[in-house]
Amino acid sequence: MSYTVTIRDSKTGKEIECPVIEGTYGAPVIDTKQLYNELGMFTFDPGFMTTAACKSAITYLDGEQGILLHRGYPIEQLAENSNYLEVCYLLLYGELPTKAQFQDFRDDLNKRNLVHEHLERFYTGYRYDAHPMSILIGITGALSSYYHEALDINDPEDRELTAKRVIAKMPILAAHCYKHAMGHPFVYSRDDLGYVENFLNMMFSLPNRPYIPNRTAVRALDLLLILHADHEQNASTSTVRLSGSAEANPFACIAAGIVTLWGRAHGGANEAVLRMLGEIEDPKNIPTFIKRAKDKDDPFRLMGFGHRVYKNYDPRAKIIRKVCHDLLEEVDTVDQPLFDIAMQLEDIALKDEYFIERKLYPNVDFYSGIILKALGIPTAMYTVMFALARSAGWISQWLEMMEDPDFRIGRPRQLYIGKQTRDYVPMSRRKRR
Ligand code: SDX
């Protein structure tokens, strides 16, 4: 059933009927394309709080109900039954793969799980203590200087090949960031290992001793990657889409997504949570930090709390919280105190009126850092792990946009509040302001 929303300009009395478009789930959208032509006006929505920038069939989330679906499958069921590589296939192709399709997908990725030897030289330009996200941005951007034989973004085959190259090469680039920081030799990707085992091997294996990843660690990391794979039109995905809408090189678009994800209000929060828990140090200090989080004059925010969309518990945080419990019981780690502080902080915050009335719940970043720490992954690498997982979502969203018949360059407008037109004043006649 099609219907419209009437927008009336009370100054002129002019009215326009804007079509309303309904999706499978979620809020319908008002098509305001005609607003400027008919009323000479733009919509005004800083931070895109209520703006649908595109149509998408990849992910659906309901912030009130705490629902997250990937291609219609609830995140809880994917977390329980799937694996990250299968979720990559699902995000890219829209369906769960048959056994043969999954094997072909893996074989295809294995054909692309090396990077040009020259790329290794880019790492040497970074100090050993450079933040790994600064390295990952540069190296991923450098990927756009390769593969020119298959970068016709109007060619569906080139686009699919690029998507597979991103998924196959991101774990290599990410693991090399860690090896560079440790001063250890880079480890090649191996075809005989699963996606997560291969990544952990590239991270932690050393020439002088065998490396066998802990099964619990493999499962925990695979789950973490699933939970971070895609999340609708978040800030970094929107950056990838906007860059891609200008027909930029897709590897450069992924690098742009990594740049945005690094912000501590976004993917940088997992690292910020661990640093905050370390700063709290003792549960007796929690009330001081809660007080600071509520103080408008204090820039401190409770990292890992709040979300632009989830005004209920982030379903991913619920899943991660349980894995934290299981992992910390299984893996001998010194991180139990950190986890205890996190649990007590969560408990106190969720009873505090300030957090309740603002619907500030733990988000995916609140517990993920604790799992990564328990897996022996250094804090500075946490957002790299987020970028690794989200690269599948970013490239899937890029593909969907490039295939959209409504594809066009993104170009938001503004409300101009600057000076009125004025004439140039020669330097000799200017007065100090
Ligand atoms: C991710 O978009 C996505 O999907 C992102 C993500 C994904 O998978 O891609 O889910 C991943 O980025 C999760 C979010 C990780 N970030 C953090 O944990 C950083 C801490 N959180 C805040 O920075 C904040 O909650 C945001 C940025 C996440 C959301 O910001 P909003 O929606 O713009 O919220 P807001 O700033 O309008 O806050 C509303 C109120 C304000 O108080 P009042 O002005 O109403 O009095 O809530 C307060 C804020 O001051 N508030 C917080 C708070 N978050 C919001 N107060 C203390 N601590 C916080 N964490």
Side-chain angles (χ1 to χ4, degrees), residues 26 45-53 56 58-64 66-70 75 87 91 133 224-241 257-277 280 286 288-320 342 345-346 348-350 352-370 382-383 385-394 396-397:
D45 184 21
F48 310 116
M49 301 277 282
T50 58
T51 293
S56 180
I58 298 175
T59 291
Y60 171 71
L61 58 94
D62 179 323
E64 303 306 325
I67 293 170
L68 174 57
L69 307 178
H70 289 316
I75 191 64
V87 170
L91 293 174
M133 280 297 277
L224 220 50
L225 295 173
I226 291 173
L227 297 177
H228 286 78
D230 191 57
H231 209 243
E232 204 219 52
Q233 304 311 317
N234 58 84
S236 52
T237 297
S238 300
T239 301
V240 171
R241 277 182 172 261
I258 298 171
V259 168
T260 303
L261 188 75
W262 195 6
R264 62 188 227 125
H266 189 12
N270 54 14
E271 176 182 348
V273 166
L274 254 290
R275 298 197 190 286
M276 175 186 73
L277 292 176
I280 292 174
I286 290 175
T288 308
F289 282 84
I290 297 268
K291 188 162 176 283
R292 284 188 58 196
K294 300 192 290 194
D295 178 357
K296 291 300 162 222
D297 298 327
D298 187 333
F300 175 76
R301 283 278 202 285
L302 216 48
M303 291 291 109
F305 275 79
H307 196 278
R308 169 56 58 78
V309 177
Y310 286 125
K311 300 310 173 191
N312 191 325
Y313 216 102
D314 182 335
R316 302 166 297 175
K318 266 188 203 153
I319 297 166
I320 288 183
L345 177 61
E346 177 192 37
I348 295 169
L350 293 184
D352 185 293
E353 200 41 49
Y354 173 94
F355 289 85
I356 294 168
E357 69 184 42
R358 289 168 180 80
K359 300 184 178 180
L360 301 177
Y361 293 89
N363 57 47
V364 68
D365 293 298
F366 186 63
Y367 284 105
S368 55
I370 297 168
Y382 292 178
T383 312
M385 300 305 295
F386 196 150
L388 169 58
R390 188 55 54 88
S391 55
W394 287 331
S396 301
Q397 298 266 353

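We count ligands from 1, going down the list as the structure has it; atoms in each ligand are counted the same way.
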(request) Could you tell me whether Arg301 approaches ligand 1 through its side chain, its backbone, both or neither, with non-hydrogen atoms closer than 4.0 Å? (result) both
(message) Checking a contact table here: which protein heavy atom is nearest atom 24 (C) of ligand 1, and how many Å away?
(response) Phe305 O, 4.3 Å
(message) What protein heavy atom lies closest to atom 15 (C) of ligand 1? Include the residue and the distance to one decimal.
(response) Asp365 OD2, 3.2 Å
(request) Please write down residue, atom name and distance for the protein heavy atom closest to atom 27 (C) of ligand 1. (result) Ala265 O, 3.9 Å
(message) So Met385 and Asn270, do their side chains get closer than 4.5 Å, heavy atoms only?
(response) no
(request) Say whether Val309 and ligand 1 are in contact under the criterion: heavy-atom distance to a ligand atom below 4.0 Å. (result) no
(message) Aromatic contact between Tyr361 and Tyr310, with the criterion being ring centroids under 6.0 Å apart: yes or no?
(response) no
(request) Check each of Asn363, Leu360, Leu68, Val364 against atom 55 (C) of ligand 1 and report the one with the nearest heavy atom. (result) Leu360
(message) Heavy atoms only: which of Arg264, Met303, Arg308 lies closest to atom 29 (C) of ligand 1?
(response) Arg308
(request) Between Asp298, Leu302, Asn234, flag the one that comes closest to atom 58 (N) of ligand 1 by a heavy atom. (result) Leu302
(message) Under 4.0 Å from atom 21 (N) of ligand 1, is there at least one protein heavy atom?
(response) yes
(request) With the side chain counted from C-beta on, respond yes when His70 and Ser396 share a heavy-atom pair under 4.5 Å apart, and no when they do not. (result) no
(request) Classify the contact between His228 and ligand 1 as side chain, backbone, both or neither, using a heavy-atom distance cut-off of under 4.0 Å. (result) neither
(request) Check each heavy atom of Tyr354 against ligand 1 and say whether those closer than 4.0 Å belong to the side chain, the backbone, both or neither. (result) side chain
(message) Just so I know, are the side chains of Tyr382 and Val273 near enough to count as touching, which here means a heavy-atom distance under 4.5 Å?
(response) no
(message) Within the 4.5 Å heavy-atom criterion, are His231 and Val364 side-chain neighbours or not?
(response) no
(request) Would you mind listing which atoms of ligand 1 come within a distance below 4.0 Å of any non-hydrogen atom of Gly306? (result) 25 (O), 28 (C)
(request) Under 4.0 Å from a heavy atom of Gly304: give me the atoms of ligand 1 that qualify, with their elements. (result) 17 (C), 18 (O)
(request) Determine, considering heavy atoms only, which of Glu232, Lys296, His307, His231 sits nearest to atom 41 (C) of ligand 1. (result) Lys296
(message) Using the ring-ring contact (aromatic ring centres under 6.0 Å, His included) criterion, which residues pair with His266? Sequence neighbours excluded.
(response) none
(request) Return yes when at least one protein heavy atom is under 4.0 Å from atom 35 (P) of ligand 1, and no when none is. (result) no
(request) Give a yes or no on whether atom 31 (P) of ligand 1 lies under 4.0 Å from any heavy atom of the protein. (result) yes
(request) Mark up the atoms of ligand 1 that fall under 4.0 Å of a heavy atom belonging to Ala269, in ascending order. (result) 15 (C), 16 (N), 17 (C), 18 (O)
(request) For Thr50, enumerate each residue passing the side-chain hydrogen bond (donor to acceptor under 3.5 Å, both in side chains) test, keeping only those at least two apart in sequence or located in another chain. (result) Asp45
(request) Scan the protein's non-hydrogen atoms and note whether one is under 4.0 Å from atom 53 (C) of ligand 1. (result) yes
(message) So if I count the atoms of ligand 1 from 1 in the order they appear, which ones are less than 4.0 Å from some heavy atom of Ala293?
(response) 56 (N), 57 (C)
(request) Please examine the side chains of Ile280 and Met276, heavy atoms only from C-beta on, and report whether any two atoms are closer than 4.5 Å. (result) yes
(request) Taking the side chain as every heavy atom from C-beta outward, state whether Phe366 and Asp314 have any atom pair closer than 4.5 Å. (result) no
(message) Could you tell me if the side chain of Leu345 sits less than 4.5 Å from the side chain of Leu277, heavy atoms only?
(response) yes
(message) Quick one, Met133 and Ile258 - any side-chain contact, counting heavy atoms below 4.5 Å?
(response) yes
